[in-house]
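Accompanying notes for the structure given below.
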Amino acid sequence: MDRKLTTILVADVVSYSRLMAADEAGTLASLNSQRREINEPKTAHYGGRVVKLMGDGTLMEFGSVVDAVNFAVDVQRSVAAHNELVPEDRRIRYRIGINIGDVLVEGDDIYGDGVNVAARLEGLADPGGICISETVFEHTRNKLDVQVDELFEQEVKNMAQPLRFYRLLLDNQPTDGQRARKPAPPRLEQARGSIAVFPFDSLSPDPNDAYIADGIASEVINMLSRVPDLRVASRSAIFSSRTKGADAWDMVHEHQFRYVLTGNVRHAGNRLRVIAELTEVTSRSQLWSNTYDRDIADVFEVQEEIATAIVTAFGGEFLRAEWQRVSAHPTQNLDAWGLVQKARALNLPVNRNAIDDALVLARGAVAADPSYAGAHACLASVLMQRVVSGFSEDGDADRAGALAAVETAAELAPDDPAVQRTLGKVWSNSGRHDQAVSALRRAVAIAPFDFHSWGRLGRTLCYGGEPEELREGQAILDRILASAPNHPMVNYWLYFKANACLRDDRAEDAARAARKSVEIQPGYAGAWVTLANALGQQGKIAEARGAMDRAQKANPALTPEHLFEQIKIAGGGDEAHAEKALAGLKAAGLL
């Protein structure tokens, strides 16, 4: 066979199977009409050649790379304009991928890696969108009347090296049928300011008062996280650095924070003394400090005063006004607030006794202050953790209780990002996928540097049923893993990524991510089950059995059947992944 260098374009119809199942005759008629009225005239105009039609797919080649890209842009704009008069559920939309590559020629057909890369690019495109390889970009730079997104890098099936590509930005065109671009997690350098809030030291003689110091620091973090363009270290990130014995200042330098808030709290009788200091990292110079001597009942005013002083130091009156616009008192009930702080600390480990204790505390917080959104959200989170971990004696009752609690929290504090994150978690684990995604998108819009919420959004998208959501979820997880490699939620993000890779038939990548997850947290049973599944799919049966043994030791209550049932529910009822996972475990003799 002969070889040649050519420009390859691959196009595919979005959701073709769904369209055919709903209306086979109408879909075929619409597809043929679009090809006749839009694709064929533009193919002739731009000098392209249709190599072959493959049902809903098209393989083309062009002598000019500029003509190939202009053809793709013209087609997508024309199809979008045509779709404005078509009901949403009947619209024919395309994904398009373009590559320059060496191909094998056999008659009128072409084969080879150049074609395979174009096909992978098509799969990475948004509905109504276009992806071009890095080589295509280099050949068309400054020659196209269209904007280009940043360079992406994505691991894809059956390719040894990550694929480097660009997305063309057509959102400013009349592309009503195209899915709007979703914001990506911000990069660290995009923040106007950044602060790490260290755990406040408790100087009280009673060691049980430590929760007061922890609670003040965590609530200040929650308030500051709502300031636009301000990156704030998450409560879990800072608090885990203390438990792991890491040097806090090393952590600050590693994560490129500009400022640090430190403090201590002394509680004696009804009196409370809080000392807070704001320090610039590079010079270690103190920018602001204050001492608050108050009655213990004034702890919430102290939190607000500290946060307001810091915001003022960061950005003057504009940022202060923005913070005051979005901030709110979570509660004025000290008992409820204290119970929530203790429950949050207990709920993070996946441990039956700790979660049972956290449940008692969360219920106590709700009883102490029924108007406290944080208490209801905490209760919802604990109840859902019982269900997901297999600790529930009545899973339906706990799930119903979690739904009721989190929806109450959302009514009380609709603009609290932590409440929206919990809402997304509970809705996702109750089979309400679309609502969960909406809540999590709201959470990251309110607090754009909250990587915890971004991780939950990435997981929820990956577990959903649509291929474009899987791609977006994987991109989010990859971005936050690169941006916050030492975040305490990393082991969970890696676990989410491992399951996403299994959905994408990438068992080796899944095993790699799952291994990293269990290396960070060896007691995480879910990641061990996913590792066993990935190893079993590769035929590594002995290693898979070892991973399954570790899962059962970590959490005897978490069976693979229960785990994948929860994943199926979280995917909005997508049964294919869960059934395939269980079948793989059974075939490997692991069940």
Please list all pairs meeting salt bridge (Lys or Arg N to Asp or Glu O under 4.0 Å) that have one or both residues in residues 380-392, counting only residues at least two apart or in different chains.
Asp356-Arg386, Arg386-Asp398
Can you sort out the partners of Arg363 under salt bridge (charged side-chain N to carboxylate O under 4.0 Å, His left out), two or more places apart, ordered by chain and number?
none
In chain order, what residues pass the ring pair (Phe, Tyr, Trp, His ring centres under 6.0 Å) check against Trp493, with sequence neighbours excluded?
His487
Which residues pass the salt bridge (charged side-chain N to carboxylate O under 4.0 Å, His left out) test with Arg442, sequence neighbours left out?
Asp415
For residues 388-397, which residue pairs qualify under salt bridge (Lys or Arg N to Asp or Glu O under 4.0 Å), counting only residues two or more places apart or in two chains?
none
Taking side chain to side chain donor-acceptor pair (under 3.5 Å) as the test, write out the residues that go with Arg266, two or more places apart.
none
The side-chain contact (heavy atoms from CB on, under 4.5 Å) partners of Ala527 (sequence neighbours excluded) come to Tyr495, Ser517, Val518, Tyr524
Spell out, as yes or no, whether a donor-acceptor pair under 3.5 Å connects the side chain of Asn429 to the backbone of Lys425.
yes
Tell me, please, which residues at least two apart from Asp434 pass salt bridge (charged side-chain N to carboxylate O under 4.0 Å, His left out).
none
If the condition is ring pair (Phe, Tyr, Trp, His ring centres under 6.0 Å), which residues does Phe496 pass it with, not counting sequence neighbours?
none
Residues in side-chain contact (heavy atoms from CB on, under 4.5 Å) contact with Asp478, at least two apart in sequence or another chain
Gln154, Lys497
side-chain contact (heavy atoms from CB on, under 4.5 Å) partners for Arg550, two or more places apart:
Pro522, Trp528
Those residues that, when tested against Glu508, pass salt bridge (charged side-chain N to carboxylate O under 4.0 Å, His left out) (two or more places apart):
none
